[in-house]
Amino acid sequence: MFADDTTIYTANTDIEAISESMNTAIVKLTSWLNRNKLVLNVKKTKLLLIGSVQRLKQLTGSPAVSISGQTIETVDSAKILGVEIDSNLNFQNHIDSLFKLASGKLSFIRRLKPCMPQKELSLLFNAFIMPHLQYCLCVWSNRGKANVDKLFKIQKRAARIITGSKWDVESTALLDSLKWTPLPEIFIHNDLVLLYKCVNNLCPAYLCNQLSNFNEINERSTRQSANGLLRLPNCKTEMYKKSFFCVAPKMWNKLTNEARQCKSLNSFKYHLKRTNLSDLTIK
């Protein structure tokens, strides 16, 4: 028997403290695995240090972490549940992998173009390519406009292939003809839906509790609290500025009062459909 996708993490600025904490956790994990007759594949086990570029440059050496005397290899990125996490959390490797995967599948749709009608080709794109572009997007979709635009090119290219349009035709017109929502707006929609769930305690506590730091209601009612506005976090680092809990509340506060105070998720989604989501983009 094997246990896949097990992740151990710790946070510290001192290399020795990280090494001690990780080695202690690994001893406990190994003991638990042995008791349950499970095997840990040491060769596939990797160590990933995450931090800003400046912080990582200041480190001297790397943590000495081992399993049964075998040193764990330190890597710059690692795939966890289908998402490639890199040491700086810019998700560039993940975006590049998505672009390569989607481009390959798009070439397959191009070859089918002569023998399939437009409606079926559109269904094929939505079934075989869009799920990859939307998977766990709340984790990585806020990592810069350049990354979003890169994946948006896949959707626009697919629209041209499926409709057989030339390059001088506006991509927005092609997306409208296929009744496709532009990818950047899909990203915004999914971020806001997740935030609505967090605000209304429809998510696990570890997500909902992230809002308690900047959504506390004062003893006296204020206009902001009555309108459902969120208190924005103090984002001191560039890494945090691009995170979900920094970007999504800014978009939330741009919504209408009626949308923020929707009583049900379906009602909130209905309001989002009536909203020009491109106006909510955080620059």
>> Which heavy atom of Leu47 sits nearest to which heavy atom of Ile72, and what is that distance?
In response: N-CG2, 3.6 Å

> Do Lys254 and Asp279 have side-chain heavy atoms sitting under 4.5 Å apart?
Replying inline: no

> Is there a path from Leu29 to Val27 through hydrophobic residues (I, L, V, M, F, W, Y) whose side chains come within less than 4.5 Å of each other?
Replying inline: no

>> Tell me if the NZ atom of Lys145 is crowded by more than 12 foreign heavy atoms within 6.0 Å.
In response: no

>> Looking at Lys119 and Met116, would you say the former's side chain and the latter's main chain have a donor-acceptor pair under 3.5 Å?
In response: no

> Are Leu121 and Leu123 joined in one hydrophobic group, where the rule is that I, L, V, M, F, W and Y side chains link up if heavy atoms are under 4.5 Å apart?
Replying inline: no

> About how many Å separate CZ of Phe245 and CG of Leu232, when rounded to the nearest 0.5 Å?
Replying inline: 13.5 Å

>> Any heavy-atom pair between the side chains of Ser141 and Phe244 that's under 4.5 Å?
In response: no

>> Is there a side chain to side chain contact (heavy atoms under 4.5 Å, CB included) between Arg157 and Leu106? Walk through the geometry before answering.
In response: CA-CA 9 Å; Arg157 191 186 303 168; Leu106 192 55; 3.7 Å; yes

> So do Trp140 and Asn147 actually touch side chain to side chain, heavy atoms under 4.5 Å?
Replying inline: no

> Is it true that a side-chain atom of Arg110 and a backbone atom of Ile161 form a donor plus acceptor pair closer than 3.5 Å?
Replying inline: no

> Measuring from Glu258:CD to Ser267:OG, what's the distance to the nearest 0.5 Å?
Replying inline: 7.5 Å

>> I'd like to check Lys105 versus Ile109 (side-chain heavy atoms, cut-off strictly below 4.5 Å). Are they in contact?
In response: no

> How long is the span from the CG atom in Leu280 to the CH2 atom in Trp252, to the nearest 0.5 Å?
Replying inline: 12.0 Å

> Between Leu56 and Ser87, is a side chain to side chain contact (heavy atoms under 4.5 Å, CB included) present by the stated rule, with each step listed?
Replying inline: CA-CA 9 Å; Leu56 292 179; Ser87 56; 3.9 Å; yes

> Do any N or O atoms from the side chain of Asn88 and from the backbone of Gly51 form a donor-acceptor pair under 3.5 angstrom?
Replying inline: yes

>> Do Ile162 and Leu112 sit in one hydrophobic cluster, given that two such residues count as connected whenever their side-chain heavy atoms are within less than 4.5 Å of each other, even indirectly?
In response: yes

> In chain order, what residues pass the side chain to side chain contact (heavy atoms under 4.5 Å, CB included) check against Ile50, with sequence neighbours excluded?
Replying inline: Leu48, Ile85, Leu89

> Taking all atoms of both residues into account, what is the closest heavy-atom pair of Leu272 and Val193, and its distance?
Replying inline: CD1-CG2, 4.0 Å

> Within a radius of less than 6.0 Å around CZ of Phe128, do more than 12 heavy atoms belonging to other residues, nucleotides or ligands occur?
Replying inline: no

> Do Ile8 and Leu49 belong to the same hydrophobic cluster, where Ile, Leu, Val, Met, Phe, Trp and Tyr are linked whenever their side-chain heavy atoms lie under 4.5 Å apart, directly or via other members?
Replying inline: yes

> Taking it one step at a time, do Thr13 and Ile18 satisfy side chain to side chain contact (heavy atoms under 4.5 Å, CB included)?
Replying inline: CA-CA 8 Å; Thr13 57; Ile18 292 175; over 6 Å; no

>> If you compare all heavy atoms of Asp191 against all heavy atoms of Cys138, which two are closest, and at what distance to 0.1 Å?
In response: OD1-SG, 3.3 Å

> Do the side chains of Asn12 and Ser21 get nearer than 4.5 Å, heavy atoms only?
Replying inline: no

>> Tell me whether Tyr206 shares a hydrophobic cluster with Leu230, the cluster being built from Ile, Leu, Val, Met, Phe, Trp, Tyr side chains joined at under 4.5 Å.
In response: yes

>> Could you measure the distance from the NZ atom of Lys156 to the CD1 atom of Ile154? Nearest 0.5 Å is fine.
In response: 11.0 Å

Tell me which donor-acceptor pairs under 3.5 Å the side chains of residues 172-189 have, and how far apart each pair is, sequence neighbours excluded?
from   : atom 1 : to     : atom 2 : distance (Å)
Ser177 : OG     : Leu174 : O      : 2.6
Trp180 : NE1    : Ser122 : OG     : 3.0

>> Set out, in order, the CA-CA distance, both residues' side-chain angles and the distance that settles side chain to side chain contact (heavy atoms under 4.5 Å, CB included) for Thr256 and Arg260, then state yes or no.
In response: CA-CA 6 Å; Thr256 63; Arg260 289 192 299 269; 6.0 Å; no

>> In the structure I gave you, are the side-chain heavy atoms of Arg55 and Leu59 within less than 4.5 Å of one another anywhere?
In response: no

> Taking side chain as C-beta onward, heavy atoms only, is Arg160 less than 4.5 Å from Val169?
Replying inline: yes

> With no hydrogens and no angle check, is any side-chain donor or acceptor of His94 less than 3.5 Å from a backbone partner on Glu84?
Replying inline: yes

> Minimum heavy-atom separation for Gln118 to Thr163, with atom names?
Replying inline: OE1-CA, 3.8 Å

> Does some side-chain heavy atom of Lys269 sit less than 4.5 Å from a side-chain heavy atom of Leu265?
Replying inline: yes

> Hey, does the side chain of Ser19 reach the backbone of Ala64 with a donor-acceptor pair shorter than 3.5 angstrom?
Replying inline: yes

> Is the backbone of Ile26 close enough, under 3.5 Å, to the side chain of Thr30 for a donor and an acceptor to pair up by distance?
Replying inline: yes

Side-chain atoms of residues 95-104: list all donor-acceptor pairs with protein atoms under 3.5 Å, sequence neighbours left out, distances to 0.1 Å.
from   : atom 1 : to     : atom 2 : distance (Å)
Asp96  : OD1    : Gln92  : NE2    : 3.0
Asp96  : OD1    : Lys150 : NZ     : 2.6
Ser97  : OG     : Asn93  : O      : 2.9
Ser103 : OG     : Phe99  : O      : 2.7

> Can you list every pair that meets salt bridge (Lys or Arg N to Asp or Glu O under 4.0 Å) and has a residue in residues 15-30, with sequence neighbours left out?
Replying inline: none

> Do we see a donor-acceptor contact under 3.5 Å between the side chains of Arg35 and Ser31?
Replying inline: yes

> If only atom types and distance count, is the side chain of Ser66 paired as donor or acceptor with the main-chain N or O of Gly69 below 3.5 Å?
Replying inline: no

>> Would you compute the distance between atom OG1 of Thr74 and atom NZ of Lys46 and round it to the nearest 0.5 angstrom?
In response: 10.0 Å

Which atom pairs, donor and acceptor, lie under 3.5 Å between side-chain atoms of residues 194-202 and protein residues at least two apart or in another chain?
from   : atom 1 : to     : atom 2 : distance (Å)
Tyr196 : OH     : Cys262 : O      : 2.9
Tyr196 : OH     : Ser264 : N      : 3.2
Tyr196 : OH     : Ser264 : O      : 3.2
Asn200 : ND2    : Tyr196 : O      : 2.8

> Got a second to check how far Glu73's CD is from Ser62's OG, nearest 0.5 Å?
Replying inline: 11.0 Å

>> Quick check against the 3.5 Å criterion: does Asp86 have a side-chain atom that pairs as donor or acceptor with the backbone of Asn90?
In response: yes

> Shortest non-hydrogen contact from Val139 to Phe91?
Replying inline: CG1-CZ, 3.6 Å

>> Taking ring pair (Phe, Tyr, Trp, His ring centres under 6.0 Å) as the cut-off, I'd like each qualifying pair that reaches into residues 36-55, sequence neighbours left out, listed once.
In response: none

